[in-house]
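Chain identifiers are assigned alphabetically (A, B, ...) following the order of the sequence lines, protein sequences preceding nucleic acid strands; residue numbering begins at 1 within each chain. Keep in mind that the numbers below use all heavy atoms, side chains included, and drop hydrogens, waters and symmetry copies.
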2 protein chains.
Amino acid sequence: MSITPAPRAYQVVLESIEADLRSGKLAIGDQLPGERALAEQHQISRASVRDAIRVLDVLGLVRTSTGSGPNSGAVIISNPSAGISHALRMHLAAKGINVREIVESRILMETWAAQMNPRNQAHAQQVIDRTAVLIMRMDDPQLSRDAFHRIDAEFHVLLASMAGNSVVETMMESLRNSISQYVSESIPDDESWQPIVRVLRRQHKAIHHAFATNQRERAAQLLEEHITWFYSQTR
Amino acid sequence: MSITPAPRAYQVVLESIEADLRSGKLAIGDQLPGERALAEQHQISRASVRDAIRVLDVLGLVRTSTGSGPNSGAVIISNPSAGISHALRMHLAAKGINVREIVESRILMETWAAQMNPRNQAHAQQVIDRTAVLIMRMDDPQLSRDAFHRIDAEFHVLLASMAGNSVVETMMESLRNSISQYVSESIPDDESWQPIVRVLRRQHKAIHHAFATNQRERAAQLLEEHITWFYSQTR
DNA sequence: TTTCAAAGTGTGGTCTGACCATACTATGTG
DNA sequence: CACATAGTATGGTCAGACCACACTTTGAAA
């Protein structure tokens with residue numbers, strides 16, 4: 001009794017690749033064997049191999065391109081936020097997750113990252129410099145709403161990166177990505193947007209100042225207020 | 001100039017389904033149209049439709065099964081941790097993420113969840129009761145290592161669920177899943193396992209007691225020590 | 001009328017084989 | 001030596017087929 005429930009063909013390929021990654025036989029930057037070669041290796045059809053590659057693609061583990069040469073085919077990368085953003089976004093659409101939970105999680109991670117002792121001082125200083133540039137760019141009155149949101153996202157992710165934890169950074173980025181459509185939809189008209197953006201600029205500057213003067217707890221507190229306030233403005 | 005860079009065929013299907021989810025035209029529990037029907041709707045081949053369904057499957061958004069009837073085909077579910085676990089696990093294998101970062105994130109979320117005021121008192125009480133049962137089951141000396149780890153994972157996820165934030169709960173579950181293979185490999189022999197498991201049992205009981213007596217800060221502190229200690233024993 | 005085995009139907013899973021656009025590689029020509 | 005040209009391997013897409021499976025319908029036996 002209790003036979004193994006017939007693993008999907010593509011899962012075999014996935015497991016094989018995962019094992020090669022763990023053992024170091026495959027590493028970031030390497031090319032995967034061609035789809036036709038993998039099909040023969042595992043004695044399955046190219047269609048099933050393609051399933052596996054497609055999964056890796058969506059998960060942000062490979063980048064595929066046509067043509068030949070060292071840059072073609074499926075190349076291993078590691079872009080964790082791609083896969084996680086996808087997942088969060090879809091589950092948000094399906095109402096398996098709600099906005100409150102995402103905002104709450106953002107606050108959790110951003111305030112944590114703000115209070116962490118940076119693992120890398122040089123990087124922390126670099127973040128402070130780069131966020132200053134972003135703040136200036138967000139001052140441009142010509143900036144479109146979408147462009148503002150993009151820079152704003154970059155601002156927050158950059159700050160979170162100070163903690164030196166790529167899981168947290170990835171989650172931050174994914175949460176921000178997954179919710180961006182919601183944000184755009186919930187503040188439809190420019191009249192209501194103008195006063196909001198003025199407050200956001202002021203808050204960003206205060207946050208940056210707290211970081212630059214090493215007032216980490218204050219930075220965390222300002223971040224929380226900033227995020228909470230902004231989402232109170234949507235709908 | 002600057003033509004749209006030819007979206008992949010499967011992405012069209014994905015976007016269409018995402019839009020239907022947002023608009024409520026599709027909801028959890030619904031069946032997706034059949035692959036052949038979707039292919040005709042979008043004027044693409046069934047192979048491309050399958051790509052899209054495969055992605056949704058891996059992301060934990062649909063469950064597929066063969067046969068006919070109301071339970072067959074692709075049915076919309078929402079199991080966010082499936083997709084996120086997949087992603088984290090692969091990126092861990094590819095060394096795009098390291099164990100320290102995962103442990104750090106676990107501590108962040110578990111201690112946060114422990115200190116949160118439960119949104120739902122009844123659920124919190126239920127969690128306390130159910131974790132008590134899990135603790136008893138982990139006392140069984142006959143328990144295999146794998147079984148112990150499974151129950152242990154359930155214990156931690158259950159505690160995290162008290163906060164009533166499915167993103168955090170999902171992340172917890174995913175982090176725990178993604179790292180389980182690492183844990184199993186890093187403590188190979190049973191001789192070194194026996195003393196460890198005794199300490200773990202004691203720690204679990206202390207954590208449970210802190211929750212049961214509503215000492216939330218203490219629970220958080222014990223959790224942090226528990227997790228930190230355990231990972232100091234691996235490798 | 002009721003029961004229930006058998007045939008029917010629609011589902012995803014897999015395979016084969018083909019063609020395309022692309023991007024690099026090798027070749028041959030001036 | 002420079003450079004246009006032909007060659008080759010890649011992933012992307014398609015069409016059409018067959019399978020195992022799970023439910024539905026049918027129809028004959030009780």
*Okay, side chain of Lys95(B), backbone of Ile28(A): is any donor-acceptor separation there less than 3.5 Å?*
no
*So, the side chain of Glu110(A) versus the backbone of Ile107(A): is there a donor-acceptor pair under 3.5 Å, distance only?*
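No; judged by distance alone, with no hydrogens or angles, the pair does not exist.
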*Go through the steps for His156(A) and His204(A) under the test ring pair (Phe, Tyr, Trp, His ring centres under 6.0 Å), then give the verdict.*
CA-CA 9 Å; His156(A) 285 275; His204(A) 284 161; 5.7 Å; yes
*For DNA chain C, find the residues of residues 64-78 of chain A with a heavy-atom distance under 4.0 Å and give them by number; none if there aren't any.*
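Residues of residues 64-78 of chain A that come under 4.0 Å of DNA chain C are, in numerical order, Thr66(A), Gly67(A), Ser68(A), Gly69(A), Pro70(A).
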*Pull out every residue in residues 28-43 of chain A that has a heavy atom closer than 4.0 Å to any atom of DNA chain D, ordered by number, or say none.*
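When residues 28-43 of chain A is checked for heavy atoms under 4.0 Å from DNA chain D, the hits, listed by number, are Gly34(A), Glu35(A), Arg36(A).
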*Which is the 5'-most and which the 3'-most nucleotide of DNA chain D that has an atom under 4.0 Å from a heavy atom of chain B?*
dG12(D) to dT24(D)
Taking salt bridge (Lys or Arg N to Asp or Glu O under 4.0 Å) as the test, write out the residues that go with [X], two or more places apart.
X         : result
Glu154(A) : none
Glu101(A) : none
Asp140(B) : none

Mind checking side-chain hydrogen bond (donor to acceptor under 3.5 Å, both in side chains) for [X] and listing every partner two or more places apart, or none if nothing turns up?
X         : value
Gln126(B) : none
Asp129(B) : Gln125(B)
Ser174(B) : Ser85(B)

_Show every side chain to side chain donor-acceptor pair (under 3.5 Å) that has at least one partner inside residues 31-44 of chain B, sequence neighbours left out._
Ser16(B)-His42(B), Glu35(B)-Arg46(B), Glu35(B)-Arg50(B)
*Between Asp51(A) and Arg54(A), is there a side-chain N and carboxylate O pair less than 4.0 Å apart?*
no
Determine all donor-acceptor pairs shorter than 3.5 Å in which one atom belongs to a side chain in residues 58-70 of chain A; sequence neighbours excluded.
| unit_1 | atom_1 | unit_2 | atom_2 | d |
| --- | --- | --- | --- | --- |
| Ser65(A) | OG | Asn71(A) | O | 3.2 |

*Looking at every strand, decide which applies to Ile44(B) at a 4.0 Å heavy-atom threshold: base, sugar-phosphate, or nothing.*
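Sugar-phosphate contact only - Ile44(B) comes under 4.0 Å of backbone atoms but never of a base.
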*Could you list where the contact with chain A starts and ends along DNA chain C, reading 5' to 3', using a 4.0 Å heavy-atom cut-off?*
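Using the under 4.0 Å cut-off, the span is dG13(C) to dT25(C).
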